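Below: one structure, written as structure tokens.
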Amino acid sequence: MERTFLMVKPDGVQRNIIGEIVSRFERKGFQLVGAKLMQIPTNLAEQHYGEHKEKPFFGELVDFITSGPVFAMVWEGENVIATARQMMGSTNPKDAQPGTIRGDFGLTVGKNVIHGSDSPESAEREINLFFKEEELVNYSKLMNEWIY
Ligand code: DAT
Ligand code: MG
């Protein structure tokens with residue numbers, strides 16, 4: 001079963017929408033297999049956003065993601081990587097459709113509420129960056145018979 005890394009960013013935590021965001025993925029049918037509230041150290045932030053290190057906004061991005069606690073999660077389900085990206089909406093909330101997380105809760109690209117892996121390779125890399133194997137839980141839910 002496919003897994004992805006999702007993270008409520010510091011703005012989402014401060015705005016009390018962790019529950020709202022978790023609820024959307026639960027209701028969709030995905031299964032939570034790991035989660036923690038954490039303060040990201042600078043070196044982890046720089047690694048996580050390594051692909052953007054040449055971008056003009058890199059410093060701002062690292063400052064923002066380390067500015068307060070985040071809620072890091074691993075979710076599992078069929079096609080979860082691409083579907084979670086669709087549920088998040090476009091990177092810039094001004095372009096994100098209503099009904100998506102960024103479309104419903106964000107206004108500016110700097111504070112866009114949620115992070116989600118964009119490919120199987122980034123999902124694997126990011127899950128391993130944020131979670132140890134023993135922090136992820138393998139379990140089955142009876143409800144899955146009504147989803148799959
Ligand atoms: P996404 O988070 O949708 O995967 P990304 O990987 O291109 O988007 O960029 C990572 C984060 O960097 C994004 O969530 C917000 C920030 N960002 C992206 N483009 C930006 C820009 N032009 N100015 C400021 N911040 C930007
Ligand atoms: Mg990205």
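Since the structure is predicted, the reported quantities are computational estimates derived from the model, not experimental observations. Atoms within a ligand are numbered from 1 in the order they appear, just like the ligands themselves.
Considering backbone and side-chain N/O atoms, T91 comes within less than 3.5 Å of an N/O atom of ligand 1.
Applying the 6.0 Å contact sphere to CD of E135 captures more than 12 heavy atoms from other residues, nucleotides or ligands.
In L61, the part holding a heavy atom less than 4.0 Å from any atom of ligand 1 is the side chain.
Using a 4.0 Å heavy-atom cutoff, N112 is listed among the residues neighbouring ligand 1. For the ligand labelled ligand 1, residue K9 lies inside the 4.0 Å heavy-atom shell.
Between L44 and M38, the shortest heavy-atom contact is CD2-CE, 3.8 Å. Here the shortest heavy-atom pairing between E2 and V80 reads OE2-N, 3.1 Å. In plain terms, the two heavy atoms of Q47 and R125 that are nearest each other are O-NH1, 3.2 Å.
Taking the six-membered ring for Trp and the full ring otherwise, W75 and F30 have centroids separated by 6.0 Å or more.
In this structure, atom 2 (O) of ligand 1 lies nearest to the protein heavy atom R102 NH2, 3.0 Å. Taking atom 15 (C) of ligand 1 as the reference point, the nearest protein heavy-atom neighbour is V109 O, 3.4 Å. Atom 21 (C) of ligand 1 has F57 CD2, 3.5 Å as its closest protein atom, hydrogens excluded (heavy atom only). The nearest protein atom to atom 7 (O) of ligand 1, hydrogens excluded, is given as H52 CE1, 3.6 Å; this is a heavy-atom distance.
The main-chain N or O of A123 is never found under 3.5 Å from a side-chain atom of R3 such that the two would form a donor-acceptor pair.
With rounding to the nearest 0.5 angstrom, the CD1 atom of I65 is 11.0 Å from the CG atom of D63.
Comparing E60, K55, R85 against atom 4 (O) of ligand 1, the shortest heavy-atom distance belongs to R85.
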